[in-house]
Amino acid sequence: MAPQEFTRRLATVITYVDEIMQQEIRPLLAVDIIEQLHRQFAILSGGQGKDGAPIITFPEFVGFKHISHEDFLNVMTYLTSIPSISVADKADPPHRTRVSFLNSVEAASIGFIIVIDRRRDKWSSIKASLTRIAVAFPGNLQLIFILRPSCFIQRTFTDIGIKFYRDEFKMKVPIIMLNSISDLHGYIDKSQLTEDLGGTLEYRHSQWINHRTAIENFALALKTTAQMLQTFGACLATTELPRSVPSSEDLLMSHTRQRGQLQDKLKLLGKQGATLLSCIQEPATKSPSSKLNLNELENVATMERLLVQLDETEKAFCQFWSEHHLKLNQCLQLQHFEHNFCEVKLTLKNLLAEQAEFTDIGDSVMHVEQLLKEYKKLEGEGQEPLEKAQLLAVIGDQLIQSHHYAMDSIRPRCTELRHLCDDFINENKKKHEILEKSLELHRQLDKVSQWCDAGIYLLASQAVDKCQSREGVDIALNDIETFLDTAKEYQLPSPKEFYSEFELILTLDVKAKAQKVLQKLGDVQEIFHKRQMSLMKLAARQTRPVQPVAPHPESSPKWVSPKISQPSALAPHQKTSEEPYAEADLSSLGKEDDETKFEVKNEEILESSHDGENPEPEQLDSSKNLSPSRRIVCDLLETEETYIKEIKNIIDGYIIPMDFIWLKHLIPDVLQNNKDFLFGNIRELYEFHNRTFLKELEKCIENPELLARCFLKRKEDLQIYFKYHKNLPRARAIWQECQDCTYFGVCQRQLGHTLPLFKYLRGPSQRLIKYQMLLKDLLDFESPEDLEMDPRDLEGSSVKNGPKRTKESAFSAELQQALAMLEDLIKSCELAVDLAAVTGCPDDIGKLGKLLMHGSFNVWTIQKDRYKMKDLIRFKPSQRQIYLFERGIVFCKIRMEPSDQGLSPHYSFKKSIKLMTLSIRQLGRRSNRKFEIAHQNGLEKYILQMFMRMKRMADKSPPNAAPAGSLSPWKPLTIVKVQKIWKRRAVL
């Protein structure tokens, strides 16, 4: 729908609403004169005369003469502008709105019937009423009925007054004086009169006012909403379509949000209209026998007409929005298409440029194979852009088929994409064919060269003294013929065939090499031919043969390669007329090959000797010149790079190949379904160290003072190690189940790892310990001489001002903070591993807060009322693993189970108690390893005592000593520590 059509339809709705509510004739609303209407000095009950004239009743009202002229005129104008239901009911629903307008005009032409009830009033009131009606009544009058005062005197005054003042009223309509209600019933049917006039018409004035007010408010809201929709449509029609993807997305979101708000208003308005209509119809719905009065029927008809206009508004808005939304979506699709087109086009052009630069066809088999690998890599890099381009062309075709408004600009781009794809594919095919042809060429050249070398070796190895007999000659000829037959196996081409087959790919260098090889082939073949002729002549002669010039028999066994010849071993004693030429050519070919190889070998030796100059002294000197703190930082940086490389190998060598289709059959379902738990958040570790931590550590080489700040700054980021160690027990279980699968063996061999995968998955734990060791070393080396001066400045310099820093300096304090932070992290990681190994933990264990410390204890559980200290020796204690959290304490049962390393402890959850419900006190004066915890209001107490062997370990070990295999220093769970934590955490 065009915006002009949408605006026209909404303008029609607004006009119809005004006509329904008579806003063109009567700009007044009930809410404007609500006080005057509530005074009820005039009512429109809905009753009609016999000819359909509306009846306006003036009920008894004591203060009628005090009503202002303006108030009377407003009420009369409002009442006379409300249409009657009689004509509207006869019209069809589609035409009711138009007939309603004609109905008010028709009512004005027929005239109104006025009933003035003054039975309890005076003549003066009747006179005032007639005067007001004559002066201010806005409509036509048909009849005026006056109920005379019941008082005899006032009735007499009324009769006299009517006679004398009729001309003053200037009434052109008859005034009928009635003595009683029964007289009124003779003119108007009882069903058209209210109960106070003896009729049966139900009329409730307050309800009538409420219904009229609600209907007019609904009509006003409908009109306002239609005007808002008009404004919204005009705004959308004048909005220019953006030219970028973000702008298109923002515009679409903005318009969709505004449309949603307007749609919500329309829905709310529809609900309000339906509710109002049901309220008006409520009497008839509650009781099937009751019927709606004329006013209620009129209100129902008015609401139905307004709801029809609301429905028309919604339909127009939905049609307009659907077309506008389609246009915005097409605009966004076009922007995405244009953006992707530019990217794909640029990528394909770059690939075509790389293809054009790839002109080398190689000069050896190894070189060509390397070129093929590089070209396949280039072809693989172009596969994704090629698929994107082809998919983008298909998307463009779909847009064209959906009658996109920019199909004229999309069609040529699709054609261009297909041309680029065809060019890339054809060029790939052409390049690949050329390289394959080049590989075939060099392989044939190598075969020819090898055949020639083998022929030279055969000729040179034939001993001359063995050819003096007929048997020796036959053997030599047979060897030569057998060797010449191998030419068919090597498929040696003729030079003409060779050039005709490879003429298109022969460059100058390759052509020169081919000519050289083919020349060598021709020379060797010619030498063989001459050797055959010589041997046949020797066989034909019956005289004593003359010994030809040949290598000394003792030199033959010294050949180590068919490509090496020794011309100096040839003895030029006696030659036949044809032998010298053959032997000279043979020696010259061997000598040429030897010289070439000798030169290459010398160049390699020279290069290796040149490159092999030991650079270590310079490096050692530079390493010696570094201060101890810088050497520690360099060590940290070097191990950090190795650590990152190992994690990268795990990701590239184990995780990524799991998605390869050709390896799916090697991966068991258990591993495939739990691969995320096996590797945990190792990708997150890699991203943090590679992108963030390594770069910050590199800044510390020149300024070692920044190292502690680096760790303190990344305190929150290093918590990813806690997440990693929390998952480690589950990863170990998966590894133990799947460690023998073929997939891990393939990956390990591919990476060249000597250790299995899980050894490398323990790398993060070892890395934390490495950080701890290096920080401790740096703290030990931190001294005034270390931090104040560089060893290179020691010669020829003196310290005048004394040391600038001491071990109590800010650097030492930061190092101690960083070390403490790292030790806390190691401890939390160790506790996370232990806690993750506890079986049967409830799901809400996290509500107890952070895990602070743990230890193994002997626990006695006794009844509080039977507690006696001397009874402790009478019952056996239970061995329990105790975990202390911020808000509670957890008891776990200890059981020893066999594992790869022998018996190892396993823990199962027994119970948990909140700290706020417990009290604690120390038992014994000399021991700080035994204490009591008890419920404040419970019946049980617990006596906790550390294992004796742990107690001895804690007593003998230094404060920071760590047991073998432990991740963090051993810190025993003593009464002193527990009491400190208790005071600090129990309030939680």
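Values below: every heavy atom of this structure, side chains too, minus hydrogens, waters and symmetry copies.
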Point-to-point distance, once rounded to the nearest 0.5 Å, from CD of Glu381 to OG1 of Thr347: 11.5 Å
Quick check against the 3.5 Å criterion: does His725 have a side-chain atom that pairs as donor or acceptor with the backbone of Tyr721? yes
CD of Glu384: more than 12 outside heavy atoms within 6.0 angstrom? no
Glu684 backbone acceptor or donor facing Tyr724 side chain under 3.5 Å: no
Test side-chain contact (heavy atoms from CB on, under 4.5 Å) on Ile650 and Tyr686 and set out the steps. CA-CA 10 Å; Ile650 294 175; Tyr686 173 73; over 6 Å; no
Can a donor-acceptor pair be found, under 3.5 Å and without considering hydrogens, that links the side chain of Ser254 to the backbone of Asp250? no
Between Arg413 and Glu338 (salt bridge meaning N to carboxylate O under 4.0 Å), is one present in this structure? yes
Taking the inter-plane angle between the rings of Phe341 and Phe337 on a 0 to 90° scale, is it parallel (under 30°), tilted (30 to 60°) or perpendicular (over 60°)? parallel
side-chain contact (heavy atoms from CB on, under 4.5 Å) between Leu637 and Glu698, intermediate numbers included: CA-CA 7 Å; Leu637 186 61; Glu698 290 174 349; 3.6 Å; yes
Phe677 atom CZ, neighbour heavy-atom count above 12 within 6.0 Å: no
Once rounded to the nearest 0.5 Å, what's the spacing between atom NZ of Lys447 and atom CD of Glu440? 8.5 Å
Going from NZ on Lys695 to SG on Cys710, what distance comes out if it is rounded to the nearest 0.5 angstrom? 13.0 Å
Can you tell me how far apart CG (Leu229) and CZ (Phe6) are? Round to the nearest 0.5 Å. 5.0 Å
Within the distance-only criterion (no hydrogens, no angle test), does the side chain of Asn426 pair as donor or acceptor with the backbone N or O of Asp422 below 3.5 angstrom? yes
Verdict with supporting geometry, Thr12 and Glu312, side-chain contact (heavy atoms from CB on, under 4.5 Å): CA-CA 10 Å; Thr12 304; Glu312 172 65 18; over 6 Å; no
Parallel, tilted or perpendicular: which one describes the rings of Trp735 and Phe758, with boundaries at 30° and 60°? parallel
Can you give me the closest heavy-atom contact between Ser402 and Gln330, atom names plus distance? O-NE2, 4.2 Å
Using the ring of each side chain (for Trp, its six-membered ring), is Phe679 parallel, tilted or perpendicular to Tyr654, with breaks at 30° and 60°? tilted
To the nearest 0.5 angstrom, please state how far the NE2 atom of His404 sits from the OG atom of Ser409. 8.0 Å
Do the side-chain N and O atoms of Asn329 and His325 include a donor-acceptor pair separated by under 3.5 angstrom? yes
His442 side chain to Ser438 main-chain N or O, any donor-acceptor pair under 3.5 Å? yes
Quick one: do Glu379 and Lys431 make a salt bridge, cutoff under 4.0 Å? no
Are any of the side-chain heavy atoms of Tyr743 and Pro657 separated by less than 4.5 Å? yes
Pair Gln227, Thr231: side-chain N/O donor-acceptor within cut-off below 3.5 Å: no
Please tabulate, for the side chains in residues 260-275, all donor-acceptor contacts under 3.5 angstrom to protein atoms that are two or more places apart in sequence or on a different chain.
unit_1, atom_1, unit_2, atom_2, d
Thr275, OG1, Lys271, O, 2.7

Determine the minimum heavy-atom distance between Tyr405 and Lys327, stating which atoms define it. CE2-O, 3.9 Å
How close do Ile400 and Arg411 get, counting heavy atoms only, and between which atoms? CG2-NH2, 3.3 Å
Pair Glu343-His339, side-chain donor/acceptor within less than 3.5 Å: yes
Can you tell if the side chain of Cys235 reaches within under 4.5 Å of the side chain of Thr239, non-hydrogen atoms only? yes
Pairwise side-chain contact, Ile682 with Leu761, heavy-atom cut-off 4.5 Å (strictly under): yes
Note: Leu417 and Ala393 closest approach over all heavy atoms is CD1-N, 4.1 Å
Taking Asp311 first and then Lys315, would you say they form a salt bridge - that is, a charged N and a carboxylate O separated by under 4.0 Å? yes
Can you confirm whether Gln4 sits close enough to Thr7 that some side-chain heavy atom of one is under 4.5 Å from a side-chain heavy atom of the other? no
Under 4.0 Å between a side-chain nitrogen and a carboxylate oxygen: does that hold for Glu216 and Lys223? no
Please assess Glu427 against Phe424 for the test side-chain contact (heavy atoms from CB on, under 4.5 Å), listing each intermediate value before the final yes or no. CA-CA 5 Å; Glu427 190 66 21; Phe424 182 75; 5.9 Å; no
Would the number of heavy atoms belonging to other residues, nucleotides or ligands and lying under 6.0 Å from CZ of Arg418 be above 12? yes
Might you point out which heavy atoms bring Asn649 and Leu751 nearest each other, and give the distance in Å? O-CD1, 3.7 Å
To the nearest 0.5 angstrom, please state how far the CD1 atom of Ile655 sits from the CG atom of Asp676. 9.0 Å
Check: His336 and Glu249 side chains under 4.5 Å, non-hydrogen atoms: yes
Do Phe218 and Leu307 make a side-chain contact, defined as non-hydrogen atoms from C-beta onward lying under 4.5 Å apart? yes
What I'd like to find out is whether the side chain of Thr256 reaches to under 4.5 Å of the side chain of Trp321, using heavy atoms alone. yes
Minimum side-chain heavy-atom gap Thr692-Glu696 below 4.5 Å: yes
Please check if the number of heavy atoms outside Lys513 that lie under 6.0 Å from its NZ is greater than 12. yes
May I ask you to decide if Ile720's main-chain N or O and Asn681's side chain share a donor-acceptor pair within less than 3.5 Å? yes
Heavy atoms of Cys421 and Leu348 approach each other most closely as SG-CD1, 4.4 Å
Among Arg683, His689, Arg691, find the one that has a side-chain hydrogen bond (donor to acceptor under 3.5 Å, both in side chains) with Glu687. Arg691
